[in-house]
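First up is the structure itself, then whatever we jot down about it.
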Amino acid sequence: MSVSGNVLAVETLAKAFGGVQAVGGVSFHVDSGERVALIGPNGAGKTTLFNCVNGQLRPDAGTVRIGGHNVTGHPPHRIWRHGVGRTFQITATFTSMTVLENVQLALASADGAATGLGRRLGKRYLEQAGELVELVGLTARGDDATVELPYGDLKRLELAVAMTNQPSLLLMDEPTAGMAADARGSMMDLVDLMVAERGVAVLFTEHDMDVVFGHADRVIVLDRGMVIAEGTPDEIRADENVQAVYLGSFDGDEAAV
């Protein structure tokens with residue numbers, strides 16, 4: 001696989017736990033401005049693959065390249081330095097800090113100037129933080145402690161934090177998990193905005209098939225650690241093997257991952 005033009009290139013990646021082959025020689029790429037969804041049934045290897053890409057796990061074989069740089073086995077903080085943003089299924093923020101302070105602290109970290117306590121930053125990075133908070137629609141809550149935020153707003157804040165290092169690649173683990181149905185579309189609309197305005201490449205896992213088929217340019221389907229299908233949402237919908245393994249008689253309702 002050529003890495004030319006790829007923001008992310010994964011080649012023959014493999015990871016086993018004891019005798020269980022969680023990921024078995026997977027290859028794929030994500031280009032600038034592309035949204036790629038990674039789906040599959042429980043135990044398909046999605047989380048393992050995701051964590052190998054982001055550095056939480058060291059693969060047994062294969063390579064991960066970001067912007068042409070081999071980052072295979074690097075820890076998350078080093079991969080982050082290559083322009084990778086990450087959001088998680090369960091949000092993690094500093095609950096005693098305000099929305100703006102959380103983003104200020106992340107900006108300071110991206111600049112190599114983190115103090116450990118957001119309040120010590122004063123007005124440093126405040127303008128940049130305000131711009132990111134505005135981008136995700138949280139300006140009115142900028143001075144609120146994050147402990148006061150509803151879950152949907154916490155997911156928006158996490159997206160703002162993920163954008164503080166101006167990533168070329170955004171990794172999103174179930175970005176709409178736990179959100180009300182009417183909030184999922186608006187969350188993914190924000191992601192689409194990042195793609196359109198900033199050319200960010202996005203790789204995301206997701207259990208809501210409306211989100212997948214409505215917002216992905218390309219879908220990769222895993223089963224038992226192997227890629228069983230890859231294509232546009234329409235191609236994946238029509239794939240008989242995917243229907244048998246995962247989608248069943250998909251009619252627009254959620255399918256569990």
Side-chain angles (χ1 to χ4, degrees), residues 1-11 13 26-40 46 49-50 52-55 63-72 74 76 79-88 103 106-107 110 128 131-137 155-177 184-222 227 229-237:
M1 178 190 299
S2 170
V3 299
S4 178
N6 302 150
V7 174
L8 170 67
V10 174
E11 300 177 15
L13 203 69
V26 169
S27 298
F28 67 92
H29 68 275
V30 184
D31 294 333
S32 179
E34 187 178 29
R35 302 160 299 175
V36 176
L38 185 66
I39 68 171
K46 302 182 303 297
L49 176 59
F50 218 69
C52 284
V53 170
N54 193 54
T63 59
V64 177
R65 290 187 174 90
I66 295 171
H69 299 283
N70 190 338
V71 298
T72 311
H74 289 191
I79 291 177
W80 179 72
R81 293 291 180 189
H82 283 278
V84 178
R86 172 79 191 262
T87 69
F88 296 85
V103 181
L107 284 164
Q128 292 169 269
E131 291 172 356
L132 286 169
V133 167
E134 181 180 11
L135 184 66
V136 299
K155 299 288 273 189
R156 288 170 176 265
L157 172 57
E158 188 181 41
L159 179 58
V161 168
M163 294 299 295
T164 54
N165 66 332
Q166 301 180 28
S168 59
L169 173 66
L170 187 59
L171 301 174
M172 307 188 76
D173 189 4
E174 298 199 24
T176 69
R184 294 173 189 164
S186 61
M187 177 65 184
M188 293 308 295
D189 287 343
L190 282 174
V191 177
D192 294 346
L193 182 65
M194 308 296 180
V195 172
E197 291 190 350
R198 305 189 179 205
V200 179
V202 179
L203 176 67
F204 68 99
T205 64
E206 182 55 61
H207 70 283
D208 186 328
M209 291 299 101
D210 285 333
V211 168
V212 170
F213 292 138
H215 294 272
D217 300 302
R218 187 157 47 91
V219 182
I220 298 169
V221 187
L222 291 184
V227 174
E230 180 177 350
T232 66
D234 286 344
E235 289 169 341
I236 296 302
R237 280 179 186 269

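Proximity of a side-chain donor or acceptor of R81 to a complementary backbone N or O of A110 within less than 3.5 Å is detected. Listed for the N165 side chain is a donor-acceptor partner under 3.5 Å among the backbone atoms of W80. Between the side chain of K46 and the backbone N or O of G40, at least one donor-acceptor pair lies under 3.5 Å. With hydrogens and angles disregarded, a donor-acceptor distance shorter than 3.5 Å links the side chain of T205 to the backbone of E174.
A 4.5 Å side-chain heavy-atom check between L38 and L222 finds at least one atom pair inside the cut-off. A heavy-atom distance below 4.5 Å is not found between the side chains of V30 and V7. Side-chain contact between I39 and M209: present, with at least one pair of heavy atoms (C-beta onward) separated by less than 4.5 Å.
Note that CG of L13 is 8.0 Å distant from CZ of F28, once rounded to the nearest 0.5 Å. Residue E34 holds its CD atom at 9.0 Å from CG of N6, rounded to the nearest 0.5 Å. Atom NE2 of H29 and atom CD1 of I220 lie 8.5 Å apart (nearest 0.5 Å). R65 contributes atom CZ, which lies 12.5 Å from atom NE2 of H82 (distance to the nearest 0.5 angstrom). The line from NE2 of H215 to CE of M187 is 11.0 Å long, rounded to the nearest 0.5 Å. In this structure, CZ on F88 lies 6.0 Å from CG on N54, to the nearest 0.5 angstrom.
A salt bridge is defined here as a Lys NZ or Arg NE, NH1 or NH2 lying under 4.0 Å from an Asp or Glu carboxylate O, and D210 with R184 fails to meet this definition.
Scanning both residues, E206 and P175, for their nearest heavy atoms gives OE1-CD, 3.3 Å. Closest heavy-atom contact between P167 and V84: CB-C, 4.0 Å. For the pair V64 and C52, the tightest heavy-atom approach, listed with the atom from each and the gap, is CG2-O, 4.2 Å. Here the shortest heavy-atom pairing between I66 and L8 reads CG1-CD1, 4.2 Å. Taking both residues in full, the closest heavy atoms of I79 and V53 are given as CD1-O, 3.5 Å, listed atom of the first, atom of the second, then distance.
Checked against salt bridge (Lys or Arg N to Asp or Glu O under 4.0 Å), R156 has no partners two or more places apart in sequence or in another chain. Residues meeting the salt bridge (Lys or Arg N to Asp or Glu O under 4.0 Å) test with D217, sequence neighbours left out: R35. Listed by chain and number, the residues in a side-chain hydrogen bond (donor to acceptor under 3.5 Å, both in side chains) with T87 amount to none (sequence neighbours excluded). With sequence neighbours left out, R86 forms a salt bridge (Lys or Arg N to Asp or Glu O under 4.0 Å) with D173. Scored by the side-chain contact (heavy atoms from CB on, under 4.5 Å) test, Q128 finds L107, Y125 as partners (sequence neighbours excluded).
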>> Before you tell me yes or no, could you show the steps for V103 and T164 under side chain to side chain contact (heavy atoms under 4.5 Å, CB included), namely the whole-Å CA-CA distance, both residues' side-chain angles and the distance that decides it to 0.1 Å?
In response: CA-CA 7 Å; V103 181; T164 54; 3.9 Å; yes
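Between the side chains of D234 and T232, no donor-acceptor pair is found at a separation under 3.5 Å.
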Without placing hydrogens or testing angles, list every side-chain donor-acceptor pair under 3.5 Å for residues 194-201, not counting sequence neighbours.
none

